Amino acid sequence: MAAIFQGIGAAAALPSTEKFHSQSRRFVSARKGSLFVVRSDGRPSLGSSPRSRGAQHLITNAVAAKADASATSTASKPGHELLLFEALREGLEEEMDRDPRVCVMGEDVGHYGGSYKVTKGLATKYGDLRVLDTPIAENSFTGMGIGAAMTGLRPIIEGMNMGFLLLAFNQISNNCGMLHYTSGGQFKIPVVIRGPGGVGRQLGAEHSQRLESYFQSIPGIQMVACSTPYNAKGLMKAAIRSENPVILFEHVLLYNLKERIPDEEYVLSLEEAEMVRPGEHVTILTYSRMRYHVMQAAKTLVNKGYDPEVIDIRSLKPFDLYTIGNSVKKTHRVLIVEECMRTGGIGASLTAAITENFIDYLDAPIVCLSSQDVPTPYAGTLEEWTVVQPAQIVTAVEQLCQ
Amino acid sequence: MASSFLSSGIIQPLPLRSPDKPQPLFDHLKATSTFLGSTSKIRSVSLSKPNLPNPHRRSTVVAVSDVLKEKKTKSAASSSHLLITREEGLELYEDMVLGRAFEDMCAQMYYRGKMFGFVHLYNGQEAVSTGFIKLLKKEDCVVSTYRDHVHALSKGVPARAVMSELFGKATGCCRGQGGSMHMFSKEHNVLGGFAFIGEGIPVATGAAFTSKYKREVLKEDCDEVTLAFFGDGTCNNGQFFECLNMAALWKLPIVFVVENNLWAIGMSHLRATSDPEIWKKGPAFGMPGVHVDGMDVLKVREVAKEAIQRARRGEGPTLVECETYRFRGHSLADPDELRDPAEKAHYAARDPITALKKYIFDNKLASEAELKAIEKKIDEVVEESVEFADASPPPPRSQLLENVFADPKGFGIGPDGSYRCEDPKFTEGTAHV
């Protein structure tokens, strides 16, 4: 039953008939026989991909050092292999060991281990108060997390599905984002709000939401999106250590990605983007699940003779305009591929930011491929057409590079 | 006195699985030494007496005002049963007079154009703020609503800092960035000041959670208590009920203080609430619900003492409904035409400051001269706060971007590769972020 796919873009590459049958509505993805086993470190055909700069060590310098550490991540120590949700858990556990004020709260995070098993085993280790199972009251327990943060704790608030955080919008917008400012800097709110979002496998409209567009205008918060086990762990640790409120977007379909990550401790920078594949012809900006659709399309594009530069922007708010700018100055063409909605999405903001800052370097208008402005339908075929597929990306690049 | 707060005794929880079913993966009753949850019986309604109202919770809920009345009539003659000492009496009097004088000055300043926006004054409700907050330690937390000036003053925030904040000056307690509805003080543990009603209740619950966490996880010697103040209108809001549930569930050290002044702007409490007796909603969640006369500072103080001690002992939250009244409109922009003049007159006759003054004189705790001296002192404090606020500078442009993030790296990396907060224009407040 488990279909194992080598290579990139496994999420989109399943043959239609099989994928809907095998993926019954489960919250919990079993570790054995998992459907998506992607080796994201073996990409010889697309050229070596340098790891995010300085990613081995704590980031102290904003300006990226030239990526010379490409070999070190795999060469120095063998590291260990794990799935993305385990990487998140590892990051979480390391931070909870390091600082006793770090705690988790959310629905089913404790005894159940988290609906996607990110907090599995933590309640037994740290106790019911540190890994708190809350009643179903998003607005109130998010506010409770904020109050706890103001008085000295460092809570991680889990939304069982990101969509549920719509109920917590009052607290996230008014209190989480604003209280540091309205209190004149007296109270800081070092919370991490995290959870799975994005379009899954026929989960229906309400469980397939992308909240990054709704939250992006809130002043005072940072938003990051993880896409690989490596950056998931690094961003989780960075978010917990940050004094700012951070919203960490995970994706329902990426939890079972497998990757080899270093044994030694590392923390990534919340504000930096990740160079996935350097190139010359076109800059493709993406994040989260669409990274894999883009890499899938990149394979086809390379075979057709194109050389795309792929950047996983990771930081949805604020944008890393340095990495993006350098890329634009090199390739002069930009394609944004995102899963967010067309209207008012991250892509729309990114288009505006690039146009404002780098208009002189563009040879063509920025093309933004986003999901359709449609409530995600249940039917598999319709759902497939609401999100961007690799074929569309290939076509867009071809048109852009004419 | 203590008996009125006992809720139903701890009963062993029913086993959730029958013995012949396989063991659950995680037996919550065994894994942790203390069960973090409700331990009342799940089902104990007897069906033989259908006329009995809801027998499955047996919290004793008593209108404490009745208990206190009884106590007072018994002991009125004897001065050894006074509710307060002379020092306490003077402290309470000074605090209430400060609250009243400050709010009156706010009104004056507003009409002279020194402050703008929404300003909500507390006249008439001073007994609640003084009665509760004067029992707190500095480390205890207070969370309020937009009607928060007097809560901040009672907790110890200097009058000049509050007035300055209202004038929008840089020397205000929130550097002029919060305003009337957002009084915060880290030093005095005033956690706001919230513009939307109900928003502060989860924050207060969080502060109480921290207190419990410090005690049980960090093993610190912590008995800090949080008070959440809010009005009758808020008691119909979801956040209120969700927090009552969580606070009772985890026995958080919090006291929910309802300042029921019968009006939510122009909406009468009776027109908005199916069961207007708010104190009854406490037992529904497993905590004592108490009703008290909020125009009498001594009654409020007696109830507050017990509720705060209960929280400190780790016995959990209490819901206290204070029947009170605001003498002015909802805000300075409210013409206050809907309220019946007879109702206003009724409560004006129960002015808490006048009542305390009478108590002090009747029991010979202080002379008229001493009270006059206090009033004069407060007048000077309030006048000085206005002078201070007037003389203070408004915030400079450089302050604009400073407190958006605790870590200003959150503004991100600019096109030139350095963090935007390192841009010299950032400190001038003109950086492009």
Side-chain angles (χ1 to χ4, degrees), chain A residues 62-64 100-101 103 111 123-124 127-130 132-135 137 139-153 170-171 174-175 179-190 219-222 242-244 270-272 315 317-323 325 357-358, chain B residues 26 28 31-32 36 141 143 172-179 182 184-186 191-196 199 201-214 216-218 238-239 242-243 245-246 249 402-407 409-420 422 433:
Chain A
V63 179
R101 294 169 305 159
C103 55
H111 295 189
T124 329
D128 277 351
L129 207 57
R130 245 186 122 179
L132 185 73
D133 278 324
T134 61
N139 201 16
S140 294
F141 71 69
T142 305
M144 193 174 96
I146 292 166
M150 286 166 76
T151 42
L153 299 186
N170 180 13
Q171 291 290 340
N174 281 340
N175 290 348
L179 285 188
H180 188 258
Y181 196 80
T182 48
S183 67
Q186 292 181 83
F187 291 99
K188 59 181 169 89
I189 307 176
I221 57 158
Q222 282 186 252
S242 171
E243 299 298 316
N244 299 332
L270 289 174
E271 297 88 24
E272 287 180 17
S315 175
K317 179 181 157 85
F319 295 131
D320 177 2
L321 288 183
Y322 182 65
T323 311
N357 287 288
F358 307 115
Chain B
F26 192 100
H28 60 266
T32 49
L36 191 62
C141 297
V143 175
C173 55
C174 301
R175 306 180 84 194
Q177 289 166 191
H182 302 282
F184 287 82
S185 167
K186 183 142 180 90
L191 265 56
F194 292 92
F196 287 18
E199 247 182 3
I201 307 177
V203 173
T205 311
F209 178 79
T210 302
S211 178
K212 184 181 171 85
Y213 190 97
K214 278 189 195 169
E216 295 184 16
V217 177
L218 302 178
Q239 287 168 103
E242 289 173 358
C243 290
N245 178 45
M246 292 197 291
L249 187 64
E402 271 172 15
N403 300 125
V404 178
F405 288 105
D407 176 3
K409 295 214 296 282
F411 279 118
I413 303 170
D416 61 354
S418 57
Y419 276 100
R420 292 189 194 272
E422 290 162 6
V433 286

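From a predicted model like this one, the values you see are computed outputs, not experimental measurements.
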S.K.: Considering only heavy atoms, which portion of A:T142 lies under 4.5 Å from any heavy atom of chain B: side chain, backbone, both, or neither?
M.R.: neither
S.K.: Rounded to the nearest 0.5 Å, what's the gap from CG on A:L132 to CG on B:L36? Could you check?
M.R.: 6.5 Å
S.K.: Looking at B:P415, B:G412, B:A207, which one has more heavy-atom pairs under 4.5 Å with chain A than the rest?
M.R.: B:P415
S.K.: If you count heavy-atom pairs under 4.5 Å between each of A:E243, A:M144, A:Q171 and chain B, which one has the most?
M.R.: A:M144
S.K.: Is chain A contacted by the side chain of B:L218, its backbone, both, or neither, given a heavy-atom distance below 4.5 Å?
M.R.: side chain
S.K.: Tell me, for A:F358 versus chain B, whether the close heavy atoms (under 4.5 Å) come from the side chain, the backbone, both or neither.
M.R.: side chain
S.K.: Please state whether the side chain, the backbone, both or neither of A:I221 comes within less than 4.5 Å of a heavy atom of chain B.
M.R.: backbone
S.K.: Using only heavy-atom distances, determine whether the side chains of B:E242 and A:S140 contain a donor-acceptor pair under 3.5 Å.
M.R.: yes
S.K.: What part of B:F196 is in contact with chain A, defined as an atom under 4.5 angstrom from a non-hydrogen atom: side chain, backbone, both or neither?
M.R.: side chain
S.K.: For B:F184 and A:L179, work out which heavy atoms get closest and say how close.
M.R.: CZ-CD2, 3.3 Å
S.K.: Measure B:I201 against the heavy atoms of chain A and call it side chain, backbone, both or neither at under 4.5 Å.
M.R.: neither
S.K.: Carefully, step by step, assess A:N175 and B:F194 under the rule side chain to side chain contact (heavy atoms under 4.5 Å, CB included).
M.R.: CA-CA 9 Å; A:N175 290 348; B:F194 292 92; 3.3 Å; yes
S.K.: Which one, A:K317, A:H180, A:K188, leads in non-hydrogen pairs under 4.5 Å with chain B?
M.R.: A:H180
S.K.: Tell me, side chain or backbone of B:S211 under 4.5 Å from chain A's heavy atoms, or both, or neither?
M.R.: neither
S.K.: Closest approach of B:Y213 and A:R130, non-hydrogen atoms and distance?
M.R.: OH-CG, 2.9 Å
S.K.: Heavy atoms only: give me the nearest B:F209-A:A148 pair and the separation to one decimal.
M.R.: CD2-CB, 4.3 Å
S.K.: Quick one: of A:G185, A:G325, A:S183, who has the most non-hydrogen atom pairs under 4.5 Å with chain B?
M.R.: A:S183
S.K.: Would A:Q222 and A:E271 count as a side chain to side chain contact (heavy atoms under 4.5 Å, CB included) here? Give the steps.
M.R.: CA-CA 9 Å; A:Q222 282 186 252; A:E271 297 88 24; 3.1 Å; yes
S.K.: Nearest heavy-atom pair of B:C141 and A:T151: which atoms, and what distance?
M.R.: SG-CG2, 4.1 Å
S.K.: Who wins among B:Q239, B:R175, B:E199, B:H182 for the most heavy-atom pairs under 4.5 Å with chain A?
M.R.: B:E199
S.K.: Name the option with the most non-hydrogen atom pairs under 4.5 Å to chain B; the candidates are A:L321, A:L270, A:N174, A:N244.
M.R.: A:N244
S.K.: Test A:T323 against B:I413 for side chain to side chain contact (heavy atoms under 4.5 Å, CB included), laying out the working first.
M.R.: CA-CA 9 Å; A:T323 311; B:I413 303 170; over 6 Å; no
